[in-house]
Trainee: 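Next up is a structure, given as structure tokens.
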Amino acid sequence: MELMQEILMHPDELYPLVKLMLTAKRIEKKTSVWLLQPHWAFCYATLRKVSRSFALVIQQLPSDLRNVVCVYYLVLRALDTVEDDTSLAIEVRVPILRNFYCNFYDPQWHFSCGTKAFKVLMDQFHHVSTAFLELDTNYQEVIKDITKRMGEGMAKFLCKEVETIDDYNEYSFYASGLCGLGLSKFFYVSGREDLAPESISISMGLFLQKISIIRDYLEDISEVPKCRMFWPRQIWSKYVNKLEDFKYEENSVKAVQCLNEMVTNALLYVEDCLTSMSSLRDPAIFQFCAIPQIINMGNLSMYYNNVEIFKGVVEMRRGLCAKIIDQTRTMADVYGAFYDFCCIMESKVDRDDPNATSTLKRLEAILKTCRDSGTLNQRKSYTFSYQPNYNIPVLVSFFC
């Protein structure tokens, strides 16, 4: 019902939604050979369950990278599942995280934790290990190195809270910056891309991670038996005495002001992200990198100045996500999308917000980069509707 209401309000998003569903089915049929090998069948079925946003773009990568990135993603999701399971004592999780990379060579290893599809992933991790051992050794070494470094960092922050902005940057580096670094190395090893500067690759991951931390405020602060806190004390302590105070209505003004400072902090990485994407040559790799970045930039524009973040998850419409996936083909599309979402964010800036000047300064720098690209007249807008020229009743029946 909710999806149908969205379609009626945004009819231009219906065709991309239908097209996305058909594309997903086509990819599953095209890759049915995976079903002949239980470990690969498990990996791709699990990928679709634990990642709604990345599964499709991963499966559209060139064949020599598709399996590598699938295994890489599942390994890091498994590592993240260990970190996230607060029902397990810290002294249990720390050695698992630090030694996780050693388990790739033991096809019998598994560790029961997490819930739902994540628990299945952990219980049947031997399928991922089997798939890992079939990868080229150059890819194996990258996965092993990134997992080792990430596990060490996660273990460190199980025993240490995020107090300063430096802590926040360091945690985000371990949680996702390293992931971006690993992907750049895969693209280089494949021979499809040049090796990107480490700082640029890391910024791609940091941008996504900080947006996730903003989005997950309520989930993390409500975690049982013990809440998790990734918003840095150096920021939130300007506004309240305890991070959980943002949940309460009487603190909504201060909550939004803190949120806006967090969003402004995330904007630091946008120009690096644009630089990174503009250097990519392979169309499939470009789409793999660009689509999540655009969707997350759109999400960030929704989070800004939005008290609903403290009441539950705020997500971009599925139809708009489908539209982004359908229309993102060139760097012009990327510049255009970032430009549109920055304009939306700029229109929401309250001049009385204590961070308004910093926010506007960062937005203007991004807008200038997009304008200076000279491509803004070469793309369709993601955010402003146009009148569709297809039969809406017929397409609506597709969902019924």
Side-chain angles (χ1 to χ4, degrees), residues 76-77 79-98 100 146-181 199 202-248 251 254-270 272 296 299-300 303-304 309-310 313-314 354-355 358-359 362:
L76 300 189
R77 290 305 296 167
L79 195 66
D80 192 53
T81 300
V82 176
E83 182 203 19
D84 287 348
D85 195 338
T86 57
S87 68
L88 297 172
I90 289 176
E91 55 267 26
V92 172
R93 285 180 283 162
V94 164
I96 295 292
L97 290 169
R98 285 180 171 155
F100 200 91
I146 296 297
T147 305
K148 180 180 180 180
R149 295 168 66 184
M150 191 178 290
E152 286 284 353
M154 287 179 170
K156 175 179 179 177
F157 279 93
L158 281 184
C159 307
K160 169 185 171 65
E161 289 195 357
V162 178
E163 298 281 349
T164 66
I165 293 174
D166 284 344
D167 290 340
Y168 182 42
N169 294 338
E170 184 182 6
Y171 174 76
S172 297
F173 166 74
Y174 289 129
S176 195
L178 280 169
C179 178
L181 183 59
S199 61
I202 290 168
S203 287
M204 293 278 281
L206 289 175
F207 183 60
L208 299 185
Q209 180 63 25
K210 290 194 171 185
I211 294 172
S212 295
I213 287 173
I214 294 168
R215 178 198 64 209
D216 293 340
Y217 165 82
L218 188 62
E219 178 183 335
D220 288 339
I221 208 71
S222 304
E223 188 76 44
V224 290
K226 186 179 185 297
C227 69
R228 304 188 307 153
M229 298 192 294
F230 299 118
W231 288 37
R233 184 184 298 272
Q234 187 177 343
I235 290 180
W236 62 257
S237 63
K238 300 176 190 177
Y239 305 94
V240 289
N241 294 323
K242 294 184 294 184
L243 183 56
E244 54 265 36
D245 290 346
F246 288 142
K247 294 190 297 183
Y248 307 120
N251 297 317
K254 293 293 186 183
V256 169
Q257 290 175 348
C258 181
L259 167 66
N260 291 345
E261 185 168 351
M262 293 286 287
V263 170
T264 302
N265 177 274
L267 290 172
L268 279 168
Y269 306 99
V270 170
D272 274 358
N296 275 277
N299 284 334
L300 197 64
Y303 301 162
Y304 183 79
I309 282 288
F310 303 98
V313 174
V314 176
N355 298 286
S358 295
T359 306
R362 290 184 189 165

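Numbering starts at 1 and runs along the sequence shown. Only this structure's heavy atoms are used, side chains among them; waters, hydrogens and symmetry mates stay out.
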Trainee: Looking at Y217 and L243, would you say the former's side chain and the latter's main chain have a donor-acceptor pair under 3.5 Å?
Mentor: yes
Trainee: Can you check whether F157 reaches D167 side chain to side chain, under 4.5 Å on heavy atoms?
Mentor: yes
Trainee: Hey, could you give me the OH/CG distance between Y304 and L267, rounded to the nearest 0.5 Å?
Mentor: 9.0 Å
Trainee: Quick check for you: to the nearest 0.5 Å, what is the distance between I202 atom CD1 and L181 atom CG?
Mentor: 5.0 Å
Trainee: First locate atom CD1 of I211, then atom OG of S172, and finally report the distance between them rounded to the nearest 0.5 Å.
Mentor: 11.0 Å
Trainee: Where is the tightest heavy-atom contact between D272 and S203, given as atom of each residue plus distance?
Mentor: OD2-OG, 2.8 Å
Trainee: Hey, is the main chain of E163 close enough, under 3.5 Å, to the side chain of Q234 for a donor-acceptor pair?
Mentor: no
Trainee: Check for a donor-acceptor pair, side chain of D80 on one end and backbone N or O of R77 on the other, with a separation under 3.5 Å.
Mentor: no
Trainee: Quick check, are the ring centers of F230 and Y168 under 6.0 angstrom apart?
Mentor: no
Trainee: Listing request: all salt bridge (Lys or Arg N to Asp or Glu O under 4.0 Å) pairs with a residue in residues 204-229, at least two apart in sequence or in separate chains.
Mentor: D84-R228, D220-R228
Trainee: If we ignore angles and hydrogens, is there a donor and acceptor under 3.5 Å between the side chains of T359 and T264?
Mentor: yes
Trainee: Could you tell me whether the side chain of S176 and the main chain of C179 form a donor-acceptor pair under 3.5 Å?
Mentor: no
Trainee: Would I213 and Q209 satisfy side-chain contact (heavy atoms from CB on, under 4.5 Å), going step by step from the backbone distance to the final call?
Mentor: CA-CA 6 Å; I213 287 173; Q209 180 63 25; 3.7 Å; yes
Trainee: Under the side-chain contact (heavy atoms from CB on, under 4.5 Å) rule, what do M154 and L79 come out as? Steps first, then yes or no, please.
Mentor: CA-CA 9 Å; M154 287 179 170; L79 195 66; 3.8 Å; yes
Trainee: W231 versus L259: any side-chain heavy-atom pair under 4.5 Å?
Mentor: yes
Trainee: Rounded to the nearest 0.5 Å, what separation is found between the OH atom of Y303 and the CG atom of N296?
Mentor: 7.0 Å
Trainee: Apply side-chain contact (heavy atoms from CB on, under 4.5 Å) to V162 and R233, showing your working.
Mentor: CA-CA 7 Å; V162 178; R233 184 184 298 272; over 6 Å; no
Trainee: Are more than 12 heavy atoms from other residues, nucleotides or ligands located less than 6.0 Å from atom NZ of K148?
Mentor: no
Trainee: side-chain contact (heavy atoms from CB on, under 4.5 Å) for E152 and Y174? Distances and angles first, verdict last.
Mentor: CA-CA 8 Å; E152 286 284 353; Y174 289 129; 5.9 Å; no
Trainee: So do the side chains of L300 and I214 get within less than 4.5 Å of each other, counting heavy atoms only?
Mentor: yes
Trainee: Nearest 0.5 Å, please: how far is CG in L218 from SG in C227?
Mentor: 11.5 Å
Trainee: Let me confirm one number: the CG-CZ distance from D166 to F173, rounded to the nearest 0.5 Å.
Mentor: 14.0 Å
Trainee: Among all residues two or more places apart in sequence or in another chain, which pass the side-chain contact (heavy atoms from CB on, under 4.5 Å) test with V94?
Mentor: I90, R98, A155, L158, C159
Trainee: Classify the ring geometry between F246 and Y239 as parallel (under 30°), tilted (30 to 60°) or perpendicular (over 60°).
Mentor: tilted
Trainee: Is there a salt bridge (charged side-chain N to carboxylate O under 4.0 Å, His left out) between R93 and D85 once you walk through the steps?
Mentor: CA-CA 8 Å; R93 285 180 283 162; D85 195 338; over 6 Å; no
Trainee: Should we count NZ of K238 as having more than 12 external heavy atoms under 6.0 Å?
Mentor: yes
Trainee: Counting N and O atoms only, with roles assigned by atom type, does the side chain of N265 sit under 3.5 Å from a partner on the main chain of E261, one being a donor and the other an acceptor?
Mentor: no
Trainee: Can you tell me if W236 uses its side chain to pair, donor with acceptor, with the backbone of K242 under 3.5 Å?
Mentor: no
Trainee: If you look at every heavy atom in F310 and A255, which pair is closest and at what distance?
Mentor: CZ-O, 3.2 Å
Trainee: Side chains of L76 and T147: does their closest heavy-atom pair fall under 4.5 Å?
Mentor: yes
Trainee: Please confirm whether the backbone N or O of V224 pairs with a side-chain atom of T86, one donor and one acceptor, at under 3.5 Å?
Mentor: yes
